[in-house]
Number of protein chains: 2
Amino acid sequence: MANIREIARLAGVSVSTVSRVLNNHPYVSGEKREIVLKTIQELDYSRNINAVHLSRGKTNMVGIVLPTINHPYFSNLLDGIAEEAMQRNIQLVLFQTGYKQEKELEALEQLRGHLIDGLIFCSRALSFNNLMIYKGFGPIVLCEDADQKEFPSVSIKHVEAFNLGLDFLISKGHERIAICLGRLEGTNSRKRQEAYTNKLEMLRQEVHSDWIIGDCLMFEDGKRVIHHFENMPNKPSAFLVGNDQVAAGMITEAINRGFSIPDDLAICSFDNHPVSEMMGISTIDIPAKQLGTSAIQAFLKRTADPGYAEKIVLPFELIVRKSV
Amino acid sequence: MANIREIARLAGVSVSTVSRVLNNHPYVSGEKREIVLKTIQELDYSRNINAVHLSRGKTNMVGIVLPTINHPYFSNLLDGIAEEAMQRNIQLVLFQTGYKQEKELEALEQLRGHLIDGLIFCSRALSFNNLMIYKGFGPIVLCEDADQKEFPSVSIKHVEAFNLGLDFLISKGHERIAICLGRLEGTNSRKRQEAYTNKLEMLRQEVHSDWIIGDCLMFEDGKRVIHHFENMPNKPSAFLVGNDQVAAGMITEAINRGFSIPDDLAICSFDNHPVSEMMGISTIDIPAKQLGTSAIQAFLKRTADPGYAEKIVLPFELIVRKSV
DNA sequence: ATAAATTGTGGAACGCGTTTCAGGTCAAGA
DNA sequence: TCTTGACCTGAAACGCGTTCCACAATTTAT
């Protein structure tokens, strides 16, 4: 396969002239431009993009770090990212890490090695200090509500949203409230647990450790929660659930086991996934796709201004349905 | 930021020696290896991955072409691809094309330009002839059941699966059957429409053109179908639906409008998404994640053997629930 | 003792495209 | 008429890492 030097040789021009034609630069005569284009076509020439990236020092590629694609929040977020990226001719390199820190570090190493121009962390297991090490290697955008001023971020106020859910359940007369979260380990998860503990204390309610359930990501996890619920000595009367899929699993299994929603068990969740409308679930609408769009915009702003570190916070909204 | 020449100069060795150390090659003395590693650490050196890709002539990156992420079949497929890729240290470059042919061509141009080592088409709008033009530029895997022997493919027999759905509805006494598809344009869609038309003719049933509904991808589309159904002069008694989300939307809206499932309207769909269990939908289980895994394996086989063009066909299974 | 193989190292070509700098010609402005 | 700017083109440096080939020393096998 031909390279630029061969094209130049056969067209009888210099490598610079060929490069000018390839890049639509001015100051190339019409005659020379045509003969170069003709030669390119005849040899079916296509330039090596690795060489272009190397010599330009930029790739127009952005890395996306997420734990899993197969989760409605992440697939919505990725959808927003991907659509905005397509509009801006940005290519996406996917890093599905499963929250493995060494995989997240690999993504950061790719940023350091100039394969990608920036990174968007949809969620992360790596510590903030680890991220700080890589701050100078290119724009890093965090899709999280964290107390930090080093990186631009896009998020909703998860703790406030969580409190809204708790307050809504309380306003409906529930005081014995359990929670289901995707994970118990992250900064945000710990904050939610704190918020939950604080609210129960306000209600003078005992905090039951078995009313804080982790590892709830999908529908099947929701079913498992109901098995757990059945065997609780002290049963809650309501659940605040991390996402609609889990809530739907819980409702499906609860009904199968003769419980009545919301009489025996009220359920409020997050996302406003279509399944929540299907199942009549009260939910807090999280604009994940719009978060994704904003993440790409934040990446571009940071690229233009390395000091840019705005925290973009999008609103959320409670949607009341039958499950509470 | 330092480059390999500077590392070599400061370590007092040649560029070759530094490269041997970076790549863990033999034939470097212990003494020289240590001084190179020390210099690398002192200067916080990291090599430019574009240069590595350029000089090696391979990137270990695979492009994934899909119309949208936010569709259960595609997100499941991508999940399978991503997990297998992570296992094999393959990086994924995402091309969310929205079925725009120019976007699909961009992905093929990236293959031709050596940015990626191969391409996996989850679905496509481009013609087969267009793909053939790019055949020699690297492995291309198709996630489709097409009559072709040029590219390896992974698929299920969609037309057989479709016929299974139709036969199931017929076995339950339905003859007035309508269909909902994601698209009406693709090769596979046309084959399904043909299969549908043939089956209705066997039943001596008239084919109503308004019983073939396209553009059904998500839950909202399903709701729209029910509006359409209400206004049909000749109503079908059953629907075979392209995916569970659409079916769920239909069921939700049908019940809201006072119809009874399956008495007034029987619904059978595809995928075996959790929502189908939630809603009690009879569905044909499509192993999308496994298709994804097989797609990466096919890519690797084709890389090793450019003549490899096996058609991998995975099984499907009817799961009977209440909606029929 | 000699030949062959292994070990160790460096120079420079190779992978390929962009950009800078220099030189020449022609046109426009002062 | 002279100066400056625009236009056109090419050589070579630059972006950066891998690999091949050559040479020398040491070890192993005959």
Side-chain angles (χ1 to χ4, degrees), chain A residues 1-40 43-61 109-117 137-138, chain B residues 1-40 43-61 109-117 137-138:
Chain A
M1 197 184 168
N3 65 25
I4 197 171
R5 282 169 175 78
E6 195 173 339
I7 297 296
R9 190 173 60 78
L10 291 169
V13 299
S14 73
V15 159
S16 307
T17 301
V18 178
S19 184
R20 287 190 185 100
V21 173
L22 286 167
N23 289 293
N24 268 320
H25 285 181
Y27 304 158
V28 182
S29 75
E31 179 200 350
K32 297 239 168 151
R33 188 182 296 276
E34 281 198 44
I35 198 169
V36 167
L37 288 171
K38 187 157 163 282
T39 309
I40 285 171
L43 273 79
D44 197 29
Y45 168 72
S46 173
R47 51 187 167 171
N48 189 302
I49 300 170
N50 299 301
V52 176
H53 289 175
L54 171 61
S55 57
R56 277 181 185 168
K58 69 192 292 287
T59 65
N60 256 48
M61 289 163 61
E109 281 296 313
Q110 302 284 44
L111 177 66
R112 190 156 86 119
H114 302 282
L115 178 73
I116 45 182
D117 295 340
F137 294 116
Chain B
M1 194 184 174
N3 63 23
I4 196 170
R5 282 169 176 78
E6 196 173 338
I7 298 295
R9 188 174 60 80
L10 290 170
V13 300
S14 74
V15 159
S16 306
T17 302
V18 178
S19 184
R20 286 189 188 101
V21 173
L22 286 167
N23 289 292
N24 268 319
H25 286 181
Y27 304 157
V28 181
S29 73
E31 180 200 348
K32 298 234 169 160
R33 188 182 295 276
E34 281 199 42
I35 197 167
V36 168
L37 288 171
K38 186 162 165 277
T39 309
I40 285 170
L43 274 78
D44 196 28
Y45 168 72
S46 175
R47 53 188 167 172
N48 188 302
I49 299 170
N50 299 300
V52 176
H53 289 172
L54 172 63
S55 58
R56 281 181 183 166
K58 69 190 294 285
T59 64
N60 254 50
M61 289 163 62
E109 281 296 314
Q110 300 285 44
L111 177 65
R112 190 157 84 122
H114 301 284
L115 177 74
I116 46 184
D117 294 341
F137 295 118

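Each chain gets a letter, A, B and so on, in the order the sequences are listed, and its residues count up from 1. The structure displayed is predicted, hence computed values, not measured ones.
A donor-acceptor contact shorter than 3.5 Å links the side chain of Asp117(B) to the backbone of Asn60(B). Counting only distance, with no hydrogens or angles, the side chain of Asn48(A) and the backbone of His114(B) share no donor-acceptor pair below 3.5 Å.
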Inset, instruction - Could you run through nucleotides 4-15 of chain D and give me one letter per nucleotide, 5' to 3': B if any protein heavy atom sits under 4.0 Å from the base, S if only the sugar-phosphate is that close, - if neither? - result: --SSSBBBB--B
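In this structure, CG of Leu115(B) is placed 14 Å from C1' of dC16(C), rounded to the nearest angstrom. Spacing between atom CZ of Arg9(B) and atom C1' of dG10(C) amounts to 17 Å, rounded to whole angstrom units. Atom pair Arg56(B):CZ and dA13(C):C1' shows a separation of 18 Å (rounding to whole Å applied). Distance Lys58(A) NZ to dC16(D) C1': 18 Å, rounded to the nearest Å. Atom CG in Leu43(A) sits roughly 14 Å away from atom P in dC16(C) (whole-Å rounding). In this structure, Asn23(A) places its CG atom 17 Å from P of dC16(C), rounding to the nearest Å. Between the CZ atom of Arg33(B) and the P atom of dT7(C) there is a distance of 13 Å, given to the nearest Å. Put simply, NE2 on His53(B) is 11 Å from C1' on dG17(D), counting in whole angstrom units.
At a threshold of 4.0 angstrom between heavy atoms, the contacts of His25(A) are confined to the sugar-phosphate backbone, with no base atom among them.
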Legend entry - Worked check of side chain to side chain donor-acceptor pair (under 3.5 Å) between Arg47(A) and Asn23(A): CA-CA 11 Å; Arg47(A) 51 187 167 171; Asn23(A) 289 293; 3.1 Å; yes
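Shown here are the salt bridge (charged side-chain N to carboxylate O under 4.0 Å, His left out) partners of Glu109(A), two or more places apart in sequence or in another chain: Arg112(A). With sequence neighbours left out, Tyr45(A) forms a ring-ring contact (aromatic ring centres under 6.0 Å, His included) with no residue at all.
Side-chain N/O atoms of Ser19(B) and Ser16(B) include no donor and acceptor closer than 3.5 Å.
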